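In what follows, chains are A, B, ... by sequence order, proteins preceding strands, each numbered from 1. None of these values were measured; they are calculated from a predicted model.
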Amino acid sequence: MDELFKKQVYQIIRLIPEGRVTSYGAIAKAVGYPNHSRHVGNVLRNYGDDFPAHRVCNSCGHITASCLRDFVGKLAKEGVEVKDNRIQNFRNIFWNPLIEL
DNA sequence: ACTCTGACGACTG
DNA sequence: CCAGTCGCCAGAG
């Protein structure tokens with residue numbers, strides 16, 4: 001896995017506005033690796049809790065993070081409603097790094 | 001070199 | 001909307 005890839009992923013995630021979310025696949029595309037959605041999640045795992053990983057979920061708006069920590073709480077704090085690991089209103093708050101960047 | 005695994009995704013019914 | 005299936009690629013063992 002390229003260091004560049006990680007760096008790009010980190011960069012993109014830092015740019016996600018508060019109260020918005022995006023998906024692993026969207027990030028992967030944005031950094032030029034269309035089929036590396038899984039690795040985006042893997043990169044996130046490494047960086048830990050010090051950056052807004054809670055603003056990233058899968059393309060269905062479903063939070064699949066095994067460790068779930070505070071994600072729901074943090075999201076709620078930013079105005080993102082989550083119910084049963086599912087992001088409510090996902091379609092509206094989705095932030096596309098390719099278009100809105 | 002091979003097999004399993006995984007914070008995933010697109011398609012189909 | 002939900003479940004099943006297949007494709008994807010880098011790490012770990």
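Ring pair A:Tyr47/A:Tyr10 is tilted by interplanar angle, where 30° to 60° counts as tilted. Ring-plane geometry between A:His39 and A:His36 is classed as tilted, the angle between the planes lying from 30 to 60 degrees on a 0 to 90 degree scale.
In this structure, the separation between CG on A:Asn92 and CZ on A:Arg20 is 9.0 Å, given to the nearest 0.5 Å. To the nearest 0.5 angstrom, A:Phe51 atom CZ is 4.0 Å from A:Ile13 atom CD1. Residue A:Ile27 holds its CD1 atom at 5.0 Å from CD1 of A:Ile16, rounded to the nearest 0.5 Å.
Residues from residues 28-44 of chain A that place a heavy atom under 4.0 Å from any atom of DNA chain C, listed by number: A:Asn35, A:His36, A:Arg38, A:His39. DNA chain C is contacted by no residue of residues 90-101 of chain A, taking any non-hydrogen atom closer than 4.0 Å. Proximity of residues 4-19 of chain A to DNA chain C (heavy atom under 4.0 angstrom from any strand atom) is not detected for any residue.
The number of heavy-atom neighbours closer than 6.0 Å to CD of A:Glu81, taken from other residues, nucleotides and ligands shown, is 12 or below. Within 6.0 Å of atom CG in A:Asp84, 12 or fewer heavy atoms from other residues, nucleotides or ligands are found, so the atom counts as exposed in its surroundings.
Across every non-hydrogen atom of A:Val40 and A:Tyr24, the tightest pair is CG2-O, 3.6 Å. Contact record, A:His62 with A:Cys57: O-CB, 3.9 Å, taken as the closest heavy-atom pair.
Remark: of the listed residues A:Asp70, A:Val80, A:Ile93, A:Val80 is the sole one forming a side chain to side chain contact (heavy atoms under 4.5 Å, CB included) with A:Leu75.
For the pair A:Tyr47 OH and B:dA7 C1', the computed distance is 16 Å after rounding to whole Å. Rounded to whole Å, the distance from CZ on A:Arg45 to P on B:dC8 is 13 Å. For the pair A:Tyr24 OH and B:dA7 P, the interatomic distance rounds to 9 Å; values are reported in whole Å. To the nearest angstrom, P of C:dC1 lies 14 Å from CG of A:Asn58.
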